[in-house]
Engineer: 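Please see the structure below; I have some questions.
This is a predicted model, so every value here is computed, not measured.
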Amino acid sequence: MFQTHTDRRSRLLALMGNGIAVLPTAPEVSRNADSHYPYRADSHFVYLTGFAEPEAVLVLDADQGKSILFCREKNLDREIWDGFRHGPEGAREVFGFDAAYPIAELDQRLPELLANRDDVFWAVGRNAAFDARVGGWLEQVRARERQAIAAPVRYLDLLPLIDGMRLIKDVGEIDILRRAGQISAEAHVRAMQATRPGLYEYQVEAEILHTFVRHGARYPAYESIVAGGANACTLHYVGNNARLNDGELLLIDAGCELNGYAGDITRTFPVSGKFSGPQRAVYEVVLAAELAAIDAVAPGVAWNVPSDTALRILAQGMLDLKLLTGSVDSIIESGAYKQFYMHGIGHWIGLDVHDVGGRYRDGEIIRFAPGMCTTVEPGLYIRPADKVPAEFHNIGIRIEDDVLVTREGREVYTADVPKRIDEIEALMAR
């Protein structure tokens, strides 16, 4: 069942020389008193193990070609209260580790495992407490120098190695991402159909969450943005408590998390079901930018090409709408466009909604390759200001889809949500 994770560990071990890697999962986080936030394992850890319990550490020993898990022991009393635990032996059998030990033995065993290795890999500098813990293990190894035992001399960041692997999704990951996209799309359609003047943003959010949970995606991939009217001009608005008024637009940025993988869709539509003239004019600019940027996604294309394509269309739109003056080139060179468009075109998506992989590798810009998944999300956000035509005040529009790079080009796997004006108005009329 977890052969994919075993294969990933083997690929990572092959990159490590005779080094040893230590990777903890995420800690549990207290919400208040004796209540915790819903537990979410570390994405890198899940990618390599499939193991979702807290209090676990993965050790990869490249010299021996082994993967070792440290986890909580079986404890029937705690399982009555908190639920099932695999325990070391169960985890070894189910998840395919070469060995597994109780987490309480980590401090005892790690110095032995670190002995006589050239390199030690961990998430260097990401967690001060864990950095100190690794430092303590290394000190114990150094103390045995007179016994002809050497400590690692190179300390290397493990995460970039995993990031490069995670950037290209495998077949199983793509299947989950597609399903997360489908569920998220259905939620957006339900939200459009439910929206009407007089509702509150949180009531529309409830329709979204209902759809997520009904399909087994119990949590959103990030805090949902349900932003009516002027709230849409705040990029990360999450208050979701304002009344929706006739004549306003509603911007929804929401996606589910399914089996750890994220969906991420944004749609903007009229609360009343009909776009006004100014709303339509701004919307058409953003839609044209999104469609052109999506068309620019293809194997071998540098990641910035869709961004540059969208920006030129948005800049021309700012001129046509008389939001700015000058030329497209002057608006871009001066950065004047940032008054109305202040974010990038998108981000990688996978186990994290803003997924790993970066934009450059070895100093070279990353080019799209089959298996990469990216969002495309241009927008215009028009706050009241001098020289800004009043009819555009407080119009905030973003349109976002999730795009898989294929051998032939691209697949928009969130396309089930309408985004053309006539399609949106027809859906809302029903």
Engineer: Quick one about Asp163 and His44 (side-chain donor to acceptor, distance below 3.5 Å, no hydrogens or angles considered), yes or no?
Structural biologist: yes
Engineer: Which residues satisfy the ring pair (Phe, Tyr, Trp, His ring centres under 6.0 Å) test with Tyr222, sequence neighbours excluded?
Structural biologist: none
Engineer: Closer than 4.0 angstrom, basic N to acidic O: yes or no for Arg8 and Glu173?
Structural biologist: yes
Engineer: Quick one about His347 and Asp264 (side-chain donor to acceptor, distance below 3.5 Å, no hydrogens or angles considered), yes or no?
Structural biologist: yes
Engineer: Report yes or no: do Asn240 and Tyr202 form a side-chain donor-acceptor pair below 3.5 Å?
Structural biologist: no
Engineer: Can you tell me which residue pairs pass the salt bridge (Lys or Arg N to Asp or Glu O under 4.0 Å) test with a partner in residues 195-216, sequence neighbours excluded?
Structural biologist: Glu186-Arg214, Arg190-Glu207
Engineer: Do Lys66 and Asp61 sit within salt-bridge range, that is, some charged N less than 4.0 Å from a carboxylate O?
Structural biologist: no
Engineer: Without swapping roles, check the side chain of Arg361 against the backbone of Ile366 for a donor-acceptor pair under 3.5 Å.
Structural biologist: no
Engineer: Taking NZ, NE, NH1 and NH2 as the nitrogens, is one of them in Asp246 or Lys274 under 4.0 Å from a carboxylate oxygen of the other?
Structural biologist: no
Engineer: For the residue pair Leu156 and Val124, establish whether any side-chain heavy-atom pair is separated by less than 4.5 Å.
Structural biologist: no
Engineer: Salt bridge or not for Arg92 and Asp98, using N-O below 4.0 Å?
Structural biologist: no
Engineer: Cut-off 3.5 Å, side chains only: do Thr6 and Arg11 have a donor facing an acceptor?
Structural biologist: no
Engineer: Run the salt-bridge test on Arg280 and Glu425 with the 4.0 Å N-O cut-off and return the result as yes or no.
Structural biologist: yes
Engineer: Is it true that the side chains of Thr4 and Tyr47 contain a donor and an acceptor less than 3.5 Å apart?
Structural biologist: no
Engineer: Tell me every residue that passes side chain to side chain donor-acceptor pair (under 3.5 Å) with Tyr341, counting only those two or more places apart in sequence or in another chain.
Structural biologist: none
Engineer: Would you call Glu290 and Arg398 a salt bridge, taking side-chain N to carboxylate O under 4.0 Å as the test?
Structural biologist: no
Engineer: Which pairs count as salt bridge (Lys or Arg N to Asp or Glu O under 4.0 Å) when at least one residue sits in residues 326-355, sequence neighbours excluded?
Structural biologist: Arg166-Asp352, Arg166-Asp355, Lys169-Asp355, Arg312-Asp329
Engineer: Which donor-acceptor pairs under 3.5 Å do the side chains of residues 298-307 make with protein atoms, sequence neighbours left out?
Structural biologist:
from	atom 1	to	atom 2	distance (Å)
Trp303	NE1	Arg359	O	2.9
Asn304	ND2	Asp308	OD2	3.1

Engineer: Go through the side-chain N and O atoms of Asp402 and Thr375 and say whether any donor and acceptor fall under 3.5 Å apart.
Structural biologist: no
Engineer: What pairs meet the ring pair (Phe, Tyr, Trp, His ring centres under 6.0 Å) rule with one or both residues in residues 263-297, with sequence neighbours excluded?
Structural biologist: Phe275-Tyr283
Engineer: Knowing that exactly one of Arg40, Arg179, Arg218 qualifies, which makes a salt bridge (charged side-chain N to carboxylate O under 4.0 Å, His left out) with Glu257?
Structural biologist: Arg40
Engineer: Specify whether Trp348 and Phe368 have parallel, tilted or perpendicular ring planes, treating 30° as the upper limit for parallel and 60° as the lower limit for perpendicular.
Structural biologist: perpendicular
Engineer: Salt bridge between Lys74 and Glu79, side-chain N to carboxylate O under 4.0 Å?
Structural biologist: yes
Engineer: Hey, is Glu411 close enough to Arg178 for a salt bridge, meaning N to O under 4.0 Å?
Structural biologist: yes
Engineer: Indicate whether the side chain of His215 and that of Gln182 have a donor and an acceptor atom separated by less than 3.5 Å.
Structural biologist: no
Engineer: Decide yes or no for Leu235 and Tyr381: does some side-chain heavy atom of the first lie under 4.5 Å from some side-chain heavy atom of the second?
Structural biologist: yes
Engineer: Do the rings of Trp122 and Tyr155 sit parallel, tilted or perpendicular, given the 30° and 60° boundaries?
Structural biologist: tilted
Engineer: On the 0 to 90° scale, with breaks at 30° and 60°, tag the Phe51-Phe97 ring pair as parallel, tilted or perpendicular.
Structural biologist: perpendicular
